[in-house]
Structures are given as structure tokens and as C-alpha cells.
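Structure first, commentary second.
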Amino acid sequence: WANCEGSMTYYPSATLVPQGVEASDCTCPYDWGGLCKHQVALLLTYIHDHQSFHRVPPMSDLLAQRSREELVDLIDRMVQRHPDLLDWVDRPTMAAGETPNLDHYRRAVERVFHNHQDMYAMAEALGALVDQADALTQLGDWANAGDIYQLLLEAANEEYDDSVLEIDYDGKVGSVIQAIAEGLGDSLREVQGDMSRRRLWIETCLDAVFKDLELGGIDYAYPAQEALLEHGTDEDWAWVEGQIRQAIQGGGRRRYSPWSQEHLVKLLTQRAKQRGTTDVGSLVLDLGTPRQQASYYLQRGQFDEALTLARQHLLT
């Protein structure tokens with residue numbers, strides 16, 4: 001491996017075996033197939049200037065020579081020089097059967113979004129927290145897993161803004177957030193009866209829907225919407241509809257464009273159709289945009305009503 005100076009410092013690496021290159025990687029964003037130029041530069045340098053490389057013993061051998069005090073001091077110095085390593089040192093851990101310390105997870109996820117300016121590092125650190133929730137699902141501990149997923153998605157809803165979106169140009173962090181939302185949806189399916197816990201999870205899923213609209217509809221955490229539709233109870237949806245009505249009618253802190261309004265109304269009507277209720281039309285006429293209302297009238301053959309709406313809203 002080596003440092004390679006480009007528009008910034010990248011770290012290409014390659015694993016060599018007698019037959020050739022077994023594996024290679026680089027921290028640059030290149031993702032169009034084949035080796036990036038930094039990996040090529042590394043291999044060419046190895047071919048033409050082999051003596052400039054030196055062998056490093058296996059890490060286990062190096063660390064085995066150190067005392068506990070030396071290791072603690074070494075880690076302390078490494079974290080001071082590279083603060084992002086604190087993600088690994090202070091990563092939450094759990095023993096079997098132990099309730100997760102959510103404050104510890106909260107600190108960890110806040111560091112992910114505040115300390116990283118690199119998409120890959122951010123995705124890796126966030127993914128490591130997701131792995132711990134996933135491990136709980138393998139043990140059937142859906143309640144504690146759901147609490148972790150909820151906390152992670154709540155933080156993402158708060159922190160994933162245009163500045164993070166600019167860093168996440170290839171969607172690596174967004175993909176991890178989708179996995180978080182999917183895990184929370186699975187937890188909603190598995191955990192029944194704990195209404196206070198479920199309400200917090202439902203609220204976080206709905207906030208993810210609102211966040212996607214604020215970001216312009218980029219499919220941010222899209223499994224959260226699927227979770228609402230598939231695993232929300234009638235009681236959950238009574239609350240969800242109230243929140244959506246408040247958002248559309250401007251009674252809350254959110255203000256949405258007609259496009260966002262149409263999306264929210266479609267969400268309500270989709271739920272109504274799933275439940276086989278007859279109030280789909282009333283939802284459209286009560287909350288929909290003029291275009292949605294006109295479309296509803298046209299589908300029912302009520303052309304005069306559609307024409308009246310067109311005259312009111314589409315003509316100058």
C-alpha cells in the first residue's frame with residue numbers, strides 16, 4: 001500500500017500472490033470498472049522501484065511485543081492524530097442478554113455525521129452500528145434491535161441534509177440508511193402490543209418520509225414508507241393521517257410544495273385502498289391538489305366538476 005497524491009491523498013492497496021494481483025482497493029471514488037489510476041500507479045511503482053517498498057510484520061506480531069500500558073498509549077496517540085478512529089475505540093458493545101446503552105449509540109451516530117467528511121468512512125462507521133442491531137435480530141431480540149434501528153434512523157433524519165448529500169455523491173451512506181429503515185420495518189412487524197415503543201418507531205418512519213420530500217424525492221430511506229403501509233395498525237394510521245393532514249394544511253412546522261402534497265395524499269389513499277375503505281375519494285377531495293381532484297372527477301366521469309376545477313386553477 002502507499003499514499004498517492006491526487007486532488008487529495010488517496011490510499012491504494014494491493015494483495016500480491018505468486019500468480020499475480022489477488023486483490024486491490026483504493027479510497028478514491030472511482031467506480032467504473034477495472035483499476036483506478038492510483039492502484040495502477042502503485043503497481044507500476046512496485047514493478048519499477050521495488051526497493052522503495054519495505055516489509056511490515058503482521059499486525060498481531062507487532063502488537064504482541066507491546067505491554068498493555070504501551071498499547072493504551074499507542075491507541076491514545078493514534079486517536080489524537082486521527083480522530084475518526086474514535087468510532088472504533090468507543091464503539092458500543094453488548095454482552096449476550098444485555099440491554100443496549102442507547103446513549104452510547106447516540107454518541108456514536110452523532111460522531112458519524114459530525115466527524116466524517118468522506119463518504120466511505122461515514123458509510124463504514126454507520127454500517128458497523130447497523131451490524132450490531134442486525135446481530136440482535138439473529139437472536140430474535142427484535143425489541144432491542146428496533147430501538148437501535150430507530151435511534152440510527154432518527155439521527156439520520158436529523159443530520160442527512162444537502163451538505164451530507166454532497167459528500168454522499170455515490171449513495172453509499174444512503175444505502176446504509178435504507179438498510180436501517182428496512183430493519184426498523186422488520187422490527188415493527190415482529191414487535192406487537194408495545195404501543196409506546198411502536199409509536200416512536202412509527203413516528204421515525206414518517207419523519208423519514210417527510211425527509212425524503214424535503215430532499216426532493218431521492219428515495220431516502222424508502223423502506224420506511226413501506227413499513228408504514230405494511231406494518232402500521234389502524235391506530236398507528238389514525239395518528240399518521242393526523243400528522244399528514246397537519247403538514248398539508250400548514251398547521252405544523254413543515255411546508256410542502258404541491259408535488260409533495262400529492263405524494264402524501266397518495267400515501268393516504270394507498271393505505272385506504274389496502275384496508276378496503278370507501279373514503280379514498282373524500283381524502284382526495286379534502287386534501288388533494290387541484291390536479292388530483294380533477295383527475296378523480298375525470299375517472300368517475302364527472303366532467304363538469306373537473307372542468308370547474310380547471311377553470312378555477314389552470315386558467316389565467
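Treat the numbers as computed from the prediction; the structure is a model and nothing was measured. Atoms considered below: every heavy atom in the structure, side chains included; atoms not considered: hydrogens, waters and symmetry mates.
Alongside Phe303, the hydrophobic cluster contains Leu298 (criterion: ILVMFWY side chains under 4.5 Å). Hydrophobic cluster of Ile47: no remaining members, since no ILVMFWY side chain lies below 4.5 Å from it.
When every heavy atom of Ser52 is checked against every heavy atom of Asp49, the shortest pair comes out as OG-O, 2.7 Å. Taking all atoms of both residues into account, the shortest heavy-atom contact from Pro57 to Leu62 is O-CD1, 3.8 Å. Contact record, Ala143 with Trp201: O-CZ2, 3.6 Å, taken as the closest heavy-atom pair. Minimum heavy-atom separation, Ser187 to Tyr149: OG-CD1, 3.6 Å.
Leu215 is linked by a side chain to side chain contact (heavy atoms under 4.5 Å, CB included) to Tyr160, Asp162, Lys211, Ile218, Tyr220, counting only residues two or more places apart in sequence or in another chain. Remark: Ser60 engages Pro58 in a side chain to side chain contact (heavy atoms under 4.5 Å, CB included) (not counting sequence neighbours). Taking the side chain to side chain contact (heavy atoms under 4.5 Å, CB included) definition, one finds that Gln132 meets it with Arg91, Pro92, Met94, Tyr105, sequence neighbours left out. Residues satisfying the side chain to side chain contact (heavy atoms under 4.5 Å, CB included) test with Tyr222, not counting sequence neighbours, are Gln178, Asp219, Glu226.
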_One pair to check against side chain to side chain donor-acceptor pair (under 3.5 Å): Glu22 and Thr15. What are the steps and the verdict?_
CA-CA 5 Å; Glu22 181 180 64; Thr15 301; 5.1 Å; no

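For the residue pair Gln80 / Asp76, a side-chain donor-acceptor distance below 3.5 Å is found, with atom types taken as modelled.
Salt-bridge annotation for Glu241 and Arg245: present, with a side-chain N of the basic residue lying under 4.0 Å from a carboxylate O of the acidic one.
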